[in-house]
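Start at 1 and go down the list; that is how both ligands and their atoms are numbered. Any value given below was found using the heavy atoms of this structure, including those in side chains, with hydrogens, waters and symmetry copies removed.
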Amino acid sequence: MKKTVFCVIAHPDDEAFGPSGTLALLAKTEDVHVICVTDGASDPRFHPIGGKKLSDLRIEELRASAKALGVQHVHFLHFQDGSLNNNLYHEVAEKLTVLVKEYKPSLLITTELRGVSGHLDHVAVSMITSYVYRENRSIDAIWYNCVSESVSKLMQSYFVFFPPGFKREDVDMIVNVKRTFTKKIAAARCHKTQYKDALRVIARWLISPKEEWFLVEERRKNGISLQ
Ligand SMILES: [Zn+2]
């Protein structure tokens with residue numbers, strides 16, 4: 001029987017720029033859901049592209065990206081981009097818990113606790129997902145997506161503080177994403193409103209090992225394989 005996997009992200013594009021190769025591998029055998037906590041837009045104005053609201057465009061982009069990865073389900077919790085460090089922890093946790101009770105995931109995937117890039121929305125989502133994992137003992141494991149030291153060095157100018165990445169020997173799982181690399185690139189390209197980020201990220205992937213790194217916490221083996 002298929003297991004359910006939840007990938008919990010802050011913004012549309014975090015799935016593509018993060019553990020997309022792994023999500024595409026998992027989606028071959030398991031039921032994968034992406035849960036996006038914000039709509040990816042704090043600006044309510046209409047975007048020049050097609051006269052649509054930026055949040056509507058970004059929702060469409062995430063749906064297209066999920067499709068490119070073979071991911072079957074996308075949920076939005078509809079919080080505002082940039083607002084998650086604003087004492088919303090319990091509200092977000094409650095909404096996420098409703099989905100956990102409904103779909104009974106065996107595995108949660110999110111960013112490592114420093115949000116990979118240090119973005120405060122990512123940090124909040126990682127903390128909240130960790131809390132939901134701790135409170136729901138039916139979930140077997142949580143995988144924290146993280147990056148290597150070499151990636152974090154390349155990204156250091158991107159945010160005010162990009163936390164240092166990990167050493168190979170410090171991570172628990174390295175997923176070879178060669179087989180889903182084309183899907184990973186296709187997913188990144190779906191985020192047309194973020195095309196500058198997408199181009200930069202794809203350029204880095206092309207010259208890097210086709211790997212995604214994770215820290216793993218596990219209550220029990222759940223039989224989820226990355227075949
Ligand atoms: Zn993000």
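- Ring geometry, H90 versus Y131: the interplanar angle exceeds 60°, so the pair is classed perpendicular (tilted spans 30 to 60°).
- Results of the side chain to side chain donor-acceptor pair (under 3.5 Å) test with H122 over D14, T110, T111 single out D14 as the only residue that passes.
- V32 pairs with exactly one of L25, L107, L26 by the side-chain contact (heavy atoms from CB on, under 4.5 Å) rule, that one being L26.
- Counting only protein N, O or S atoms, the number found under 2.8 Å from the Zn ion (ligand 1) is 4.
- Between F17 and W205, the two ring planes are perpendicular [angle over 60°; tilted spans 30° to 60°].
- Under a 4.5 Å side-chain heavy-atom cut-off, the cluster of Ile, Leu, Val, Met, Phe, Trp and Tyr residues that includes L199 is completed by Y195.
- Salt bridge annotation for E61-K192: absent, with no cationic side-chain nitrogen under 4.0 angstrom from a carboxylate oxygen.
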